[in-house]
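Have a look at the structure below, then the notes.
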Amino acid sequence: AALSCRYVLCEVVSEDPRCRQCIEDRAVGLAVRDAVGRVHGDYGLACCSISFTVKYLNAYTGTVLLRCRKDSYRLLCSALPFVRQLESRNQRYPCSLNTLHVGGTIRTCQKFLIQYNRRQLLMLLQNCTNEEERRCIQKSLLSCSLTEEQSRSGDEEDDDGPE
């Protein structure tokens, strides 16, 4: 049977606009492993490292999808608030990881992210100052959906429900 996994959807939060350029798989993976090691020691790091991977990453939106074993996702999640920086090319950028959702499949995380983005856009829409801004945001809202191609992702584990 396939190893049961959990997918942790996070957003990278940083005051430094240059932080976006170092949001890459390796930097995020190292930062998360470092935080797990500091919080849970070698044992926690070993537990979390089994099948841990950065599954998806969007540097433009700061969205990160982490995969870990179902039996170690609590260890991983409890260490995420201790991520303090991303390091790339000997540059360090202060940031934090905000956990948005934990799901059993990539698809449930995609669905959550669409709803989350829609809510964020609706909040922006309420604060629009002119018609042009309003039109742009309404156009973005209409584009919030899963395409057929995305929904047939082959890399999908079965969701065996909440614990």
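Under the side-chain contact (heavy atoms from CB on, under 4.5 Å) criterion, Thr61 pairs with Asn58, Thr63, not counting sequence neighbours. Scored by the side-chain hydrogen bond (donor to acceptor under 3.5 Å, both in side chains) test, Asn98 finds Glu11 as partners (sequence neighbours excluded). A search for side-chain hydrogen bond (donor to acceptor under 3.5 Å, both in side chains) contacts involving Ser78 returns His40, not counting sequence neighbours. Legend: residues meeting salt bridge (Lys or Arg N to Asp or Glu O under 4.0 Å) with Asp16, ordered by chain and number and at least two apart, are Arg18. Under the side-chain contact (heavy atoms from CB on, under 4.5 Å) criterion, Arg134 pairs with Leu125, Cys128, Glu131, Gln138, not counting sequence neighbours. Applying the salt bridge (Lys or Arg N to Asp or Glu O under 4.0 Å) criterion to Arg92, with sequence neighbours excluded, gives Glu87. With sequence neighbours excluded, the residues forming a salt bridge (Lys or Arg N to Asp or Glu O under 4.0 Å) with Glu24 are Arg89, listed by chain and number. In this structure Glu132 satisfies the side-chain contact (heavy atoms from CB on, under 4.5 Å) test together with Asn130, Arg135, Cys136, sequence neighbours excluded. The side-chain hydrogen bond (donor to acceptor under 3.5 Å, both in side chains) check on Arg38 picks up Asp34, with sequence neighbours excluded. Residues forming a side-chain contact (heavy atoms from CB on, under 4.5 Å) with Thr53 (at least two apart in sequence, or on another chain): Lys55, Arg67.
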Discussion item. Could you walk me through whether Val102 and Leu9 satisfy the side chain to side chain contact (heavy atoms under 4.5 Å, CB included) test, starting with their C-alpha distance in whole Å, then the side-chain angles of each, then the deciding distance to 0.1 Å, before giving a yes or no?
Written reply: CA-CA 6 Å; Val102 177; Leu9 184 66; over 6 Å; no

With side chain to side chain contact (heavy atoms under 4.5 Å, CB included) as the test, would you mind laying out the steps for Ser4 and Arg69 before giving the verdict?
CA-CA 6 Å; Ser4 188; Arg69 278 191 15 203; over 6 Å; no

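Put simply, the residue from Leu66, Leu75, Val32 that forms a side chain to side chain contact (heavy atoms under 4.5 Å, CB included) with Cys48 is Leu75.
Through ILVMFWY side-chain contacts below 4.5 Å, Val13 is grouped with nothing and stands alone.
The closest side-chain heavy-atom distance from Arg20 to Ile23 is below 4.5 Å. No side-chain heavy atom of Ile50 sits under 4.5 Å from any side-chain heavy atom of Ser72. Side chains of Val64 and Val54 form a contact here, defined as non-hydrogen atoms less than 4.5 Å apart.
Sorted by first and then second residue, the ring-ring contact (aromatic ring centres under 6.0 Å, His included) pairs with a member in residues 79-104 read His101-Phe112; sequence neighbours excluded.
In this structure, SG in Cys95 is found 3.5 Å from CG in Leu86, a value given to the nearest 0.5 Å. Leu121 contributes atom CG, which lies 11.5 Å from atom CD of Gln126 (distance to the nearest 0.5 angstrom).
Taken together through direct or relayed side-chain contacts under 4.5 Å among Ile, Leu, Val, Met, Phe, Trp and Tyr, Leu30 and Val28 form parts of separate hydrophobic clusters. Cluster membership check: Val39 does not share its hydrophobic cluster with Tyr73, using side-chain heavy-atom separations under 4.5 Å among Ile, Leu, Val, Met, Phe, Trp and Tyr. Linking ILVMFWY side-chain heavy atoms closer than 4.5 Å, directly or via other members, places Tyr7 and Leu100 in a single hydrophobic cluster.
Of the possible polar contacts, none joining the Thr99 side chain to the Cys10 backbone as a donor-acceptor pair under 3.5 Å is found.
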